**Q** 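Before anything else, here's the structure in question.
Treat the numbers as computed from the prediction; the structure is a model and nothing was measured. All ligand and atom numbering here is 1-based and tracks the order in the structure.
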Amino acid sequence: IKNIGLFTSGGDAPGMNAAIRAVVRSAIYYGIEVTGIRRGYEGMIKGDMFPMDRKSVSNIIQRGGTILKTARSEQFRTKEGRQLAYDQLKKNNIDALVAIGGDGTFTGARIFGEEFDIPVVGLPGTIDNDLCGTDFTIGYDTAINTVIDAVDKIRDTAESHDRLFIVEVMGRDSGLIALRTGIAAGAETILIPESKTDINAVFERLEKGRKDKSSKIIMLAENGKDGDAFEVGRQIKEKFPNYDTRVSILGHIQRGGRPSCMDRVLASRVGVAAVEALRNGHRNEMVGLIHNEIAFTSFEHAIKHNIDINPDFLKIVEILSI
Ligand code: F6P
């Protein structure tokens, strides 16, 4: 391997910059050149690339977002688009790729790595934590800390006004952000796509729950079967007119900010491992961390959406919110 093409793709996540830094610095350490590709597959198709050196990643480990910028590319979904991308890689003498992203990024990487003779290794970068083959994705820890910081603030005002809040968090089709933050913020109940819990269970919980509690927080994962936070709020208001109900959708605040120590260390470890993996002949695999050890998972398996929700977590919420 002489020249690694490096890019971020899909939704940005705090810690992506730490991963970029780790890949660039470890490649240089092993005598490999790095070419930065701007805006993911879009930049690959357009040839928007530049050589990176150790200084180009100075002072970025603590910054949110991604200095390489990111995008979701429609053109790369087509065979013609991927051919253009491959031609650009050849033109720029790139003979391996490191892709930092999530589900969509690895779907593209898997097809590309099978169609063309170029080794691709992926780093899990998404706040959603919805990839198989790693206990945590880069950005998840920071995002959940951002969420509990926000919910703690919501709790202050909820408590003062004796209010019930429905707080909607991100996760695309995954409830992992809602689940963990629900425990950490002391939520009454959690509504996530993976569990059988639906709005009726929430009603039951509110009926049976302690009436003298002054504030109540319901954590809701986006894209659930009971609708968004406004819809859930409407149904609760209808059933419990006595509750002073409010809705708060946290939105993109969850994607920004300084990465946590956990995310910086995770990004640094998998970043170094990705370069070492390419040197050792790995291809079409994601580098993750399982039980604190570096682990390799094929792209095909990494993007399977069969991540089990620990049922203990939901039980814990039930026990602790009495
Ligand atoms: O995958 C990260 C994520 O933030 C999801 O949680 C969310 O559903 C989606 O991206 C939002 O995407 P966009 O920023 O394109 O609206």
Side-chain angles (χ1 to χ4, degrees), residues 7-20 38-43 64-66 68-77 99-110 122-151 166-182 184-185 190-194 219-232 247-260 263 266-267 286 288 299 302-307 309:
F7 63 98
T8 49
S9 165
D12 62 344
M16 278 184 163
N17 280 329
I20 293 168
R38 292 190 190 89
R39 297 182 181 82
Y41 296 118
E42 280 295 301
T66 159
L68 289 177
K69 301 195 177 269
T70 187
R72 292 186 169 106
S73 172
E74 281 305 316
Q75 211 183 344
F76 196 77
R77 289 175 195 267
I100 308 172
D103 182 75
T105 307
F106 297 157
T107 303
R110 185 185 66 78
L123 299 184
T126 166
I127 62 162
D128 301 334
N129 204 32
D130 61 346
L131 292 167
C132 290
T134 191
D135 290 339
F136 298 107
T137 54
I138 298 163
Y140 177 65
D141 184 65
T142 307
I144 56 180
N145 279 293
T146 300
V147 170
I148 60 165
D149 191 44
V151 179
I166 297 118
V167 181
E168 183 180 304
V169 295
M170 281 187 168
R172 205 171 39 149
D173 312 314
S174 159
L176 289 168
I177 294 180
L179 187 62
R180 215 166 259 268
T181 57
I190 297 171
L191 269 176
I192 54 172
E194 296 90 338
M219 289 302 292
L220 173 74
E222 66 176 351
N223 299 322
K225 49 186 176 292
D226 293 299
D228 66 6
F230 288 106
E231 174 55 21
V232 170
V247 163
S248 188
I249 298 177
L250 298 188
H252 286 80
I253 187 175
Q254 294 162 91
R255 287 238 296 263
R258 294 166 56 227
S260 67
D263 276 330
L266 169 63
M286 183 193 85
F299 286 138
I303 56 185
K304 274 194 183 138
H305 284 267
N306 56 355
I307 297 155
I309 287 288

**Q** What do you reckon, does M170 have a nitrogen or oxygen under 3.5 Å from a nitrogen or oxygen of ligand 1?
**A** no
**Q** Is the closest side-chain heavy-atom distance between L266 and Y140 below 4.5 Å?
**A** no
**Q** Between OG1 of T66 and CZ of R39, what distance do you get to the nearest 0.5 Å?
**A**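 The CZ atom of R39 is 10.5 Å from OG1 of T66, to the nearest 0.5 Å.
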**Q** Is the backbone of D12 close enough, under 3.5 Å, to the side chain of T70 for a donor and an acceptor to pair up by distance?
**A** no
**Q** Taking only heavy atoms of H252, which atoms of ligand 1 are found under 4.0 Å from at least one of them?
**A**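 Every atom of ligand 1 under 4.0 Å from some heavy atom of H252: 13 (P), 14 (O), 16 (O).
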**Q** Any chance the side chains of D263 and T142 put a donor and an acceptor closer than 3.5 Å?
**A** yes
**Q** Give the residue, atom name and distance (to 0.1 Å) of the protein heavy atom nearest atom 6 (O) of ligand 1.
**A**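 I find the closest protein heavy atom is D128 OD1, 2.7 Å.
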**Q** Given that the side chain starts at C-beta and the backbone is N, CA, C, O, which of these parts of E222 lies under 4.0 Å from ligand 1, counting heavy atoms, or is it both or neither?
**A**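 The part of E222 near ligand 1 is the side chain, not the backbone.
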**Q** How many angstroms lie between OG1 in T146 and CD1 in I253, if you round to the nearest 0.5 Å?
**A** 7.0 Å
**Q** Which of the atoms of ligand 1 are close to G171, meaning less than 4.0 Å from one of its heavy atoms?
**A**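 Listed by number with element, the hits are 6 (O).
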**Q** Any N/O of R255 closer than 3.5 Å to an N/O of ligand 1?
**A** yes
**Q** Mark yes or no for whether E42, through its side chain, and A71, through its backbone, hold a donor-acceptor pair below 3.5 Å.
**A** no
**Q** For R72, is the nearest heavy atom under 4.0 Å from an atom of ligand 1?
**A** yes
